[in-house]
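Some notes on the structure that comes next.
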Amino acid sequence: MPQSGPRPSDVTIGVCYYPEHWPEAVWAEDARHMREAGISRVRIGEFAWSRLEPSQGKYDFGWLARALDVLHGEGLGVILGTPTATPPKWLVDAMPDMLPVDRHGRPRGFGSRRHYCFSHAGYRRECARIVRALAERFGEHPAIIAWQTDNEYGCHNTVLSWSDEARLGFRHWLKDRYGSIAALNDAWGNVFWSMEYRDFEEIDLPSATVTEANPAHRTDFHRYSSDQVAAFNRVQVEIIRALSPGRDVLHNFMTFFLDFDHHETMKDLDIATWDSYPLGSLDVFPMPAERKAAFARTGDPDLQAFHHDLYRGAGRGRFWVMEQQPGPVNWADYNPDAAPGLVRLWGLEGFAHGAETISYFRWRQAPFAQEQFHAGLNLPDGSPDRAYHEVKQLSADLAALGTLGKAVPARVALVFSYEASWFLRVQPQGRNFSYVEQAFAMYRALRRLGLDIDIVGPEADLSSYALVLVPSMPFVPERLAAELVRCPGMVLAGPRTGSRTASHRIPGNLAPGPLADFLGVRVTRVESYRPHSAVPVRYENEVFHFDRWREFVEPGADTEVLAKTEDGRPALTRKGRAHYLAGSPDEALLQRIVARLAGDAGLAVLDLPAGLRTRRRGAFRFVFNYGPASADISPQFPVTSVVLGGARLEAGGAAVLRTED
Ligand code: GAL
């Protein structure tokens with residue numbers, strides 16, 4: 001604890017609150033309790049359309065004005081959500097074709113949320129109208145510090161909509177992209193199976209074909225759908241910027257969600273925020289059963305960090321956690337409770353990675369409707385639940401730490417591309433080939449070495465990195481190719497990099513296409529494996545495996561072969577700084593390769609046990625124990641200047657050390 005009162009903090013704690021769910025009489029007390037817990041940010045409003053506009057054009061903003069005044073009275077800064085994730089019944093009835101349509105052509109109905117199609121021009125106009133009305137009324141309200149557009153774009157599988165409006169929009173989009181139908185036919189290779197079109201008006205969405213639709217058609221539909229999310233978001237941002245000057249505009253993104261390009265949508269926003277549900281995400285993300293069991297109450301030690309680093313990158317340095325899990329959630333297959341201390345640990349970890357705000361979901365558990373099983377900071381009867389006390393502890397920790405400063409710039413970059421994930425999803429060529437699993441495996445290998453990592457988009461400047469990992473990038477945009485060639489660091493490119501052109505064709509010079517000279521290899525064949533049929537790989541005199549995928553690679557004259565498959569073919573090659581990994585490595589092989597590369601790149605590394613993780617921010621090193629037992633951190637870290645915690649970290653504990661610099 002500090003010697004003389006709390007020191008100023010440059011970060012804040014927040015909470016998600018729904019004044020419309022509770023009697024007005026409790027708002028003031030709620031706001032006071034928030035402040036007493038050290039909370040100074042509150043997000044409201046994002047699902048409240050039916051209360052803000054009970055019938056067409058009849059606004060009722062009085063309750064929101066009173067709620068804002070109450071919250072402001074306690075010094076809480078408000079993030080006002082636009083309510084467009086939950087269009088009210090009267091609107092859907094007036095405009096039924098605004099509903100999203102599933103791939104079988106069935107409209108998805110009213111009665112939950114996110115029941116709209118991103119392509120629907122009429123719905124966009126309705127969103128513009130309600131956002132404008134809200135921003136005109138509250139844009140200059142002193143309580144409002146930021147706006148959240150909508151809520152979790154794409155949640156519940158809503159980016160791809162197979163509606164009539166999407167079909168029309170897609171045709172226009174294709175016309176813009178290709179100019180002439182001949183150019184499209186040529187780019188897509190439509191001569192194959194006589195798929196040639198005579199006019200853009202003939203093109204349908206790539207569903208309901210007898211067998212697989214043309215991959216170029218499908219990849220373009222992903223691109224089109226992603227562009228609709230960005231365009232939908234932009235409509236709201238422009239209105240808010242005009243009417244609510246000086247406020248940040250942000251959106252809350254999700255975990256391992258790849259259906260639209262977040263880097264593109266972020267071009268219009270100030271801060272990337274994300275919703276962190278460590279236990280729910282562990283349950284639904286593909287991972288070995290033993291791992292899920294071992295970390296069931298803590299969450300995976302690398303999963304939260306991955307997203308902090310991803311969204312710090314997407315937010316150009318600025319990110320928050322907008323919704324932080326407080327206890328059991330309601331939506332995974334299995335919903336365990338969090339181990340004691342984890343609600344605090346997740347908060348501290350977000351701050352360690354550079355978050356400006358960690359905001360908990362939600363203030364009070366709802367005793368009605370869909371999320372009754374979802375914990376809050378308080379029980380439905382209003383009494384504090386365990387998470388409330390952990391949040392109070394977190395605010396005491398922040399007071400003890402004082403100013404945190406900025407996330408320490410990383411020397412390692414992992415290049416993450418949404419478009420890459422679409423290419424690999426459209427033609428996986430092996431049921432278990434997974435872009436996100438490959439990217440996450442590389443990230444985990446880096447984290448075990450105790451490295452600080454940036455996750456960057458394909459347009460990033462790579463000049464400051466000592467090590468750059470590209471998990472896979474089927475289509476390599478020109479700019480990325482140039483950055484990789486120009487950057488000074490060690491580069492590792494994963495399988496399938498450069499294996500396709502922008503229009504989903506094999507490049508004229510074969511894979512890795514534009515990186516052929518840089519990587520010094522040519523790929524002539526690929527194969528994929530069922531589970532349990534891995535190929536042995538010899539590396540540094542030990543035997544490891546490629547377990548899902550491998551490629552037949554011809555090395556160029558200046559290319560060294562660092563690892564070989566059992567039949568003597570190159571598995572890992574190196575030309576200068578450029579390494580090519582010709583398959584999907586098992587965990588041990590990947591760890592060995594990444595450790596060797598980090599060493600070659602001159603980076604100081606650690607060898608962290610499964611549950612121990614670290615990240616630096618400002619003058620602090622944070623250490624977290626996700627493991628099941630207490631751990632002595634002194635072998636890995638200098639514990640001479642401990643600011644929080646100690647050399648022995650209990651399970652679920654966190655320590656903060658002051659670094660020399
Ligand atoms: C998020 C969503 C919230 C709430 C929460 C429950 O996906 O944004 O509104 O549903 O999940 O965990």
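All of these numbers come straight from a predicted model, not from anything done at the bench. The first residue of the sequence shown is numbered 1, and numbering continues consecutively from there. Just follow the structure's listing: the first ligand is 1, and inside any ligand the first atom is 1.
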Would you please determine whether Arg113 falls within less than 4.0 Å of ligand 1 on a heavy-atom basis?
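Yes, that is the case, since the closest heavy atom of the residue is under 4.0 Å from the ligand.
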
Does ligand 1 have a heavy atom under 4.0 Å from the side chain of Glu371, from its backbone, from both, or from neither?
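Under 4.0 Å from ligand 1, Glu371 contributes side-chain atoms alone.
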
Structural part of His374 in contact with ligand 1, heavy atom criterion under 4.0 angstrom
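Only the side chain of His374 comes within reach of ligand 1.
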
Counting each atom of ligand 1 from 1 as listed, which ones have a heavy atom of [X] under 4.0 Å away?
X      : result
Glu323 : 1 (C), 2 (C), 3 (C), 5 (C), 8 (O), 11 (O)
Asp275 : 8 (O)
Glu152 : 1 (C), 2 (C), 7 (O), 8 (O)
Phe47  : 9 (O)
Trp331 : 6 (C), 12 (O)

Can you confirm, on distance only, whether ligand 1 has an N/O atom lying under 3.5 Å from any N/O atom belonging to Tyr18?
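Not met; the criterion fails.
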
Take the angle between the ring planes of [X] and [Y] and call it parallel below 30°, perpendicular above 60°, tilted in between.
X      : Y      : answer
Tyr18  : Phe47  : parallel
His262 : Phe253 : tilted
His307 : Trp274 : parallel
Phe138 : Phe61  : tilted
Phe622 : Phe624 : parallel

Among non-hydrogen protein atoms, atom 5 (C) of ligand 1 lies closest to Tyr277 OH, 3.3 Å

Knowing that exactly one of Arg444, Arg613, Arg447 qualifies, which makes a salt bridge (Lys or Arg N to Asp or Glu O under 4.0 Å) with Asp300?
Arg444

Would a distance-only check, ignoring hydrogens and angles, find a side-chain to backbone donor-acceptor pair under 3.5 Å from Ser226 to Asp261?
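Yes; judged by distance alone, with no hydrogens or angles, the pair exists.
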
